[in-house]
S.K.: 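Below is one structure. I have some questions about it.
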Amino acid sequence: MTSVETSTTSMPDRGMDEVSDRLLASATRLSRNAMTEIDWSQPMDPNHYGCSPEWSTLYGTDYWDELTHEQRVRLTRHEFASIMNIGIWFEMILQELILRDQYLGAYHRPEFQFALTEIADECRHSIMFAKASEKMVGTSYRPSRAIGRLGKVFQYTARGAVSYAGILVAEEILDVFQRGCMRDDRVLPFIRTINEIHVLEESRHMKYAREQVRESVAGMSATKRNFCAVYTSLGAMEIVSNLVQPQAYADAGLDAERALAERRTNKHFHAMVRSNCTHLMAFLDEVGLLTPMARKNYRRVHMI
């Protein structure tokens, strides 16, 4: 992506502007506001889950079979609160990447305007997730300090294709969980609404990120493409591995060490993640970012 405008607009730039114009129009028509759409004062039905039981990291394990219905409900609420909180963490990283990319951009172009629209969306999403976490479990889940430092490294070093491939992968991962739960009547109604809002608005963000990745990798050398592929896959590994924090299991009243051990070998959960990442892997393969080493990393966290 260019950061200054020349006297003539190139074909890739015109293509990006056309995409951005369509996404801006979509944002105008379809954006929703959870702060006004959800009645946050409504009590929570004690029988409703935080996410579909099948999307619990422990569903299908011996530990899950031992839990009462009440314990399963509490577990899924803490799990999904953790997923939303980690979503806040990487959405803040993504906002900084986009702001840096557009810092000296062509301010009059639709691409710049949609980039700021995306940042505004991400701010609203983070507030929505924070409010939901407060209501559902009354606590926050953050990555460890070590992972937090790695996130800072990614913020400061990611450029071009790595930035937007990282944005795409992070958004796709959260989208996978939310699509699986947004129409399930067993899930808390306000969580279903949050999932619907996020899936709707993130579809625009993912379209934008895909176009940016395609533009960034065009003409890229094999060496640089391999680097981008591996760097993106390493980021994906950290996101997937940290979605449900150990403290979430403890706060749900479980033995965190046992829960983590059973999650690591939970074939059902691995299959759920893998089957829902098919389209993402196909796109990365299409643009040359699913190299053998990257594929190996995605396989480690069961995305492929």
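Computed from a predicted model, the values in this text were never measured in an experiment.
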S.K.: For V169 and A236, work out which heavy atoms get closest and say how close.
M.R.: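 Shortest heavy-atom separation between V169 and A236 comes out as CG1-CB, 3.4 Å.
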S.K.: Given L234 and F154, is the side-chain contact (heavy atoms from CB on, under 4.5 Å) satisfied, shown in steps?
M.R.: CA-CA 10 Å; L234 290 172; F154 186 80; over 6 Å; no
S.K.: For the residue pair L254 and L58, establish whether any side-chain heavy-atom pair is separated by less than 4.5 Å.
M.R.: yes
S.K.: Measure the CE-SG distance between M92 and C123 for me, rounded to the nearest 0.5 Å.
M.R.: 10.0 Å
S.K.: Within the side chain of S275, is there an N or O that forms a donor-acceptor pair under 3.5 Å with the backbone of M272?
M.R.: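 Such a contact is found between S275 side chain and M272 backbone.
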S.K.: Taking a hydrophobic cluster as the set of Ile, Leu, Val, Met, Phe, Trp and Tyr residues connected by side-chain heavy atoms closer than 4.5 Å, whether directly or through intermediates, do L94 and M237 fall within one such cluster?
M.R.: yes
S.K.: Of all the heavy-atom pairs spanning W40 and I194, show the shortest one and how long it is.
M.R.: CH2-CD1, 3.9 Å
S.K.: Before you tell me yes or no, could you show the steps for S26 and K207 under side-chain contact (heavy atoms from CB on, under 4.5 Å), namely the whole-Å CA-CA distance, both residues' side-chain angles and the distance that decides it to 0.1 Å?
M.R.: CA-CA 12 Å; S26 173; K207 171 67 173 176; over 6 Å; no
S.K.: Under the rule for ring-ring contact (aromatic ring centres under 6.0 Å, His included), what residues qualify as partners of Y249, not counting sequence neighbours?
M.R.: none
S.K.: So I86 and P143, do their side chains get closer than 4.5 Å, heavy atoms only?
M.R.: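 A side-chain contact under 4.5 Å exists here.
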S.K.: Quick check: closest heavy atoms across S56 and F269, and the distance to 0.1 Å?
M.R.: O-CD1, 3.8 Å
S.K.: Are the side chain of N85 and the backbone N or O of A81 linked by a donor-acceptor pair below 3.5 Å?
M.R.: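 Yes, because the side chain of N85 sits within donor-acceptor range (under 3.5 Å) of the backbone of A81.
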S.K.: How about R109 and S20: do any of their side-chain heavy atoms sit closer than 4.5 Å?
M.R.: no
S.K.: Between Q212 and E111, does any side-chain donor sit less than 3.5 Å from a side-chain acceptor?
M.R.: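 Per modelled atom types, Q212 and E111 side chains form a pair under 3.5 Å.
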S.K.: Return the minimal non-hydrogen interatomic distance between V187 and C51, and the atom names on each side.
M.R.: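 Shortest heavy-atom separation between V187 and C51 comes out as CG2-C, 3.6 Å.
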S.K.: For E171, does its backbone N or O pair with a side-chain atom of D175 as donor and acceptor, under 3.5 Å?
M.R.: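 Pair absent, no side-chain N/O of D175 close to backbone of E171.
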S.K.: What orientation do Y208 and Y164 show, parallel under 30°, tilted 30 to 60°, or perpendicular over 60°?
M.R.: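 Correct class here is perpendicular.
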S.K.: Return each pair, listed once, that meets salt bridge (Lys or Arg N to Asp or Glu O under 4.0 Å) where at least one residue sits in residues 261-278; pairs must be two or more places apart or across chains.
M.R.: R258-E262
S.K.: Using atom types as modelled, flag every donor-acceptor pair under 3.5 Å from a side chain in residues 221-230 to any protein atom, sequence neighbours excluded.
M.R.:
| from | atom 1 | to | atom 2 | distance (Å) |
| --- | --- | --- | --- | --- |
| S221 | OG | K224 | N | 3.2 |
| R225 | NH1 | V287 | O | 2.5 |
| R225 | NH2 | V217 | O | 3.1 |
| N226 | ND2 | A222 | O | 3.3 |

S.K.: In terms of hydrophobic clusters joined by side-chain contacts under 4.5 Å, are I127 and F80 together?
M.R.: yes
S.K.: Could you please spell out the steps behind the salt bridge (charged side-chain N to carboxylate O under 4.0 Å, His left out) verdict for E202 and R179?
M.R.: CA-CA 11 Å; E202 287 298 328; R179 281 184 185 276; over 6 Å; no
S.K.: Taking the side chain as everything from C-beta on, heavy atoms only, tell me whether D121 gets closer than 4.5 Å to R124.
M.R.: yes
S.K.: By side-chain contact (heavy atoms from CB on, under 4.5 Å), which residues pair with Q155, not counting sequence neighbours?
M.R.: I93, E96, K152
S.K.: Taking atom CD of E238 and atom CG of N297, what is their separation to the nearest 0.5 Å?
M.R.: 10.0 Å
S.K.: Can a donor-acceptor pair be found between the side chains of R192 and N195 at a distance below 3.5 Å?
M.R.: no
S.K.: Could you check L23, L24, V19, T117 and say which one makes a side-chain contact (heavy atoms from CB on, under 4.5 Å) with P110?
M.R.: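 Output: one option passes, namely L24.
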S.K.: Under a 4.5 Å cut-off applied to non-hydrogen side-chain atoms, are F90 and I173 in contact?
M.R.: no
S.K.: So which pairs with a foot in residues 33-54 pass salt bridge (Lys or Arg N to Asp or Glu O under 4.0 Å), sequence neighbours left out?
M.R.: R32-E37, E54-R186
S.K.: Is there a path of hydrophobic side-chain contacts, each under 4.5 Å between heavy atoms of I, L, V, M, F, W or Y residues, that connects M35 with I38?
M.R.: yes
S.K.: Quick one: does E91's side chain get under 4.5 Å of H205's, heavy atoms only?
M.R.: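 No. Closest side-chain heavy atoms not under 4.5 Å.
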S.K.: Can you run down the salt bridge (Lys or Arg N to Asp or Glu O under 4.0 Å) pairs that involve residues 70-80, sequence neighbours left out, and say none if there aren't any?
M.R.: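 Non-adjacent pairs meeting salt bridge (Lys or Arg N to Asp or Glu O under 4.0 Å): E70-R74.
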S.K.: Kindly write out the residues that satisfy ring-ring contact (aromatic ring centres under 6.0 Å, His included) with H268, not counting sequence neighbours, or none if the list is empty.
M.R.: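 ring-ring contact (aromatic ring centres under 6.0 Å, His included) list for H268, sorted by chain: Y59.
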S.K.: OG1/T193 to CE/M128 distance, rounded to the nearest 0.5 angstrom?
M.R.: 10.0 Å
S.K.: Under a single-linkage rule joining Ile, Leu, Val, Met, Phe, Trp and Tyr whose side-chain heavy atoms are separated by less than 4.5 Å, which residues share a cluster with V73?
M.R.: Y49
S.K.: What is the minimum heavy-atom distance between S233 and A294, and which atoms define it?
M.R.: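 Distance-wise, the nearest heavy atoms are OG-CA, 3.7 Å.
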S.K.: To the nearest 0.5 Å, what is the distance between OG (S52) and CG (D185)?
M.R.: 10.0 Å
S.K.: Shared ILVMFWY cluster between V176 and V240, side chains joined below 4.5 angstrom?
M.R.: yes
S.K.: State yes or no: do F283 and V199 share one hydrophobic cluster built from I, L, V, M, F, W and Y residues joined by side-chain heavy-atom distances below 4.5 Å, directly or via other members?
M.R.: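 No, it is not one cluster - the side chains of F283 and V199 are not joined through contacts under 4.5 Å.
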S.K.: Can you sort out the partners of S203 under side-chain contact (heavy atoms from CB on, under 4.5 Å), two or more places apart, ordered by chain and number?
M.R.: none
S.K.: Can you tell me how far the CD atom of E172 sits from the CG atom of L280, to the nearest 0.5 Å?
M.R.: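 CG of L280 is found 5.0 Å from CD of E172.
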S.K.: Is it true that atom OH of Y103 has more than 12 heavy atoms of other residues, nucleotides or ligands lying nearer than 6.0 Å?
M.R.: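 Atom OH in Y103 is not crowded, with 12 or fewer foreign heavy atoms closer than 6.0 Å.
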S.K.: Would you call W55 and N276 a side-chain contact if the rule is heavy atoms closer than 4.5 Å?
M.R.: yes
S.K.: Does F129 have its ring centroid less than 6.0 Å away from the ring centroid of H198?
M.R.: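 Yes; H198 has its ring centre under 6.0 Å from that of F129.
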S.K.: My understanding is that only residues two or more places apart in sequence, or in another chain, count here; which of them pass side-chain contact (heavy atoms from CB on, under 4.5 Å) with D251?
M.R.: H78, T139, Y141, Q247
S.K.: Quick check for you: to the nearest 0.5 Å, what is the distance between Q71 atom CD and L75 atom CG?
M.R.: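 Going from the CD atom of Q71 to the CG atom of L75 covers 9.0 Å.
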S.K.: Given side chains that start at C-beta, do those of I167 and E118 come closer than 4.5 Å, heavy atoms only?
M.R.: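 A side-chain contact under 4.5 Å exists here.
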S.K.: Mind listing the closest non-hydrogen atom pair of I191 and G50 along with its distance?
M.R.: CG2-O, 3.4 Å
S.K.: Mind checking what makes side-chain contact (heavy atoms from CB on, under 4.5 Å) contact with A165, not counting sequence neighbours?
M.R.: V213, T232, L289
S.K.: Tell me, which pairs form a salt bridge (Lys or Arg N to Asp or Glu O under 4.0 Å) where one or both residues lie in residues 125-149, sequence neighbours left out?
M.R.: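 Of all non-adjacent pairs touching residues 125-149, none passes salt bridge (Lys or Arg N to Asp or Glu O under 4.0 Å).
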